[in-house]
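Working notes, structure below.
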Amino acid sequence: MKWVWLSLKALGLLLLVIAGGLWLAGRRASAGHLHSEIEVKRPAAEVWDWVSEPEKMKQWVSWLVDVRTDDMGHGGVGVKRVLVMRDENNGGQLMEIQGTCTEYTPPNLLRMNLVVPGAFDGTQAYRVTDLGNGSSRLEIDSQFHFGNPFAKLMEPVITPSAQKKMRRDIARLKQLAEESR
Amino acid sequence: MIAWTVSRWLLAAAAGDEAEFVVGDIEEEWSEIAAERGKWMAKRWLLAQALRSAAPLLGARVRSGEMTGVLIAGVLGSALPLWLCHRLWQFVASQIPFKDGTEREAWQLAVNLMVLCACAALAGLSTRTRSSAAAVAVAVAALASSTLWLIGAQPALYIFLALVAAPATVLAGGHWRRLR
């Protein structure tokens, strides 16, 4: 049993070192920050539709199953939006993200405050810049804070995964927008 | 070759304390039969002995409570670490604000394999004899395959590496302990 206890102590120490490393990494300036941008060969007004219209959003944001909004089709500051996500890693449960528009300048800027009580809160901004020649650049900039203590500790793992997911989604938007000529 | 295979089989089937005696007795008798009645008859006798004694030997191990220890080592050495890693990556994907699918990245699977090997080595270190290490290795492989099946779709290479590395690490852990 001596070897087992020694090995268990070594394993415990390793877990402590990993937890310490995660805690330190979670204190970096860019913790919880996501940024992604892509050039789309479509005019800014068309790209704007893909980020502001619920039906179009459902096509490129993976695991987004529904978008409920109280703006009756018109955007604007203060408009509330509920994004319903399917969580395949949680038995396919549906999770609602409560969004409130804080900046609305079509066709260039849409900023939302996003909250899931007990899970996270943050902001997400969509910036569309006209590049001329029928092309535009879409930038998505987000900042999230996690509420769950274990999620806070795991932030250095969660944020890069979220970043990769965002890149896949934005590439899908480019493909869909450019195919819809 | 047959004699060697049968003696390994009996070593694995018999409980740690009596395995060496059982194999010693059988090898002695095998030599006598080979000298008196020829090698062919000795091989037949050996195979019959192996088939006849495997069930009682395994039964004795179950009654002695050794199998409970083997099962616990198997659970702690493979099923539990694989399941905990799976739950950890599920948690990470679930915490992504806009969610993600169930596919895992290569580095996450590599972490799973490292954790699995560390726990399997611990299970190997808990064994005192070659036969108990072999039994734990079989339990670890069986429980790892059941857990991977329960978890669902995974890359074939990852499954292959898990099913080879886990029992190999148990045997290595047991061997290292015996050397010390």
Side-chain angles (χ1 to χ4, degrees), chain A residues 1-8 10-11 14-15 18 32 34 57 61-65 83-95 97 114-116 119-122 124 140 142-148 150-166 168-169, chain B residues 69 72-73 76-77 80-81 83-112 114-128 132-133 136 150-153 169-170 172-180:
Chain A
M1 286 305 280
K2 190 180 78 176
W3 294 111
V4 177
W5 279 118
L6 272 176
S7 311
L8 280 176
L11 207 62
L14 184 67
L15 282 177
I18 291 171
L34 306 174
M57 276 186 81
V61 180
S62 50
W63 309 110
L64 175 64
V65 291
L83 307 170
V84 184
M85 310 296 304
R86 182 184 301 282
D87 189 357
E88 283 299 312
N89 286 282
N90 202 5
Q93 280 193 341
L94 298 181
M95 190 205 66
I97 302 175
L114 301 170
V115 181
V116 175
F120 72 84
D121 63 83
Q124 185 153 44
I140 306 179
S142 313
Q143 180 66 52
F144 292 106
H145 305 281
F146 299 99
N148 180 316
F150 190 56
K152 268 184 197 162
L153 182 70
M154 294 299 292
E155 182 281 327
V157 180
I158 296 169
T159 301
S161 301
Q163 179 78 51
K164 280 180 190 161
K165 198 259 183 184
M166 185 190 270
R168 286 198 302 272
D169 283 350
Chain B
I72 290 171
L76 296 177
L80 191 67
W83 188 251
L84 286 177
C85 285
H86 169 62
R87 294 293 296 150
L88 176 71
W89 302 134
Q90 273 193 324
F91 176 81
V92 167
S94 185
Q95 290 301 314
I96 292 174
F98 284 87
K99 306 301 157 200
D100 205 354
T102 52
E103 301 82 26
R104 301 288 172 249
E105 291 180 47
W107 72 267
Q108 292 174 320
L109 298 178
V111 168
N112 290 3
M114 281 193 283
V115 172
L116 174 66
C117 287
C119 293
L122 273 178
L125 282 173
S126 71
T127 62
R128 278 182 300 178
S132 59
V136 171
L150 276 174
I151 288 170
T169 323
V170 170
H175 183 68
W176 189 75
R177 180 178 172 176
R178 285 194 300 281
L179 285 180
R180 308 282 294 189

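Lettering follows sequence order; numbering is per chain, from 1. Worth saying up front: this structure is predicted, and the values here are computed from it rather than measured.
- With a 4.5 angstrom heavy-atom cutoff, A:Q93 does not touch chain B via any of its atoms.
- Under the 3.5 Å distance criterion, the side-chain polar atoms of B:R177 are matched with a main-chain donor or acceptor of B:L125.
- With a threshold of 4.5 angstrom between heavy atoms, A:L34 does not approach chain B through any atom at all.
- A:S142 and A:Q124 make their closest contact through OG-NE2, 2.9 Å (heavy atoms, listed as atom of the first residue, atom of the second, distance).
- To the nearest 0.5 Å, atoms CG (B:L84) and CG (B:L116) are separated by 12.0 Å.
- Contact record, A:A162 with B:P97: CB-CD, 4.3 Å, taken as the closest heavy-atom pair.
- For A:L114, the part lying near chain B is the side chain, with the backbone staying farther off; criterion is any non-hydrogen pair under 4.5 Å.
- Using a 4.5 Å cut-off between heavy atoms, A:M95 contacts chain B through its side chain alone, with no backbone atom that close.
- Proximity to chain B is absent for every atom of A:V116, based on heavy atoms less than 4.5 angstrom apart.
- At a 4.5 Å heavy-atom cutoff, A:L64 makes no contact with chain B through either its backbone or its side chain.
- For chain B, the nearby part of A:I97 is the side chain; its heavy atoms alone come within less than 4.5 Å.
- To the nearest 0.5 Å, atoms OG (B:S94) and CG (B:D100) are separated by 10.5 Å.
- In this structure, the portions of A:S161 lying under 4.5 Å from any heavy atom of chain B include both its backbone and its side chain.
- Under a 3.5 Å cut-off, the side chain of B:Q95 and the backbone N or O of B:V92 do not form any donor-acceptor pair.
- Residue A:R168 touches chain B through its side chain alone, counting heavy-atom pairs closer than 4.5 Å.
- One distance of note links CG of A:N89 with CH2 of A:W63; it measures 8.0 Å at 0.5 Å rounding.
- Of the atoms belonging to A:N148, it is side-chain heavy atoms, and not backbone ones, that fall under 4.5 Å from chain B.
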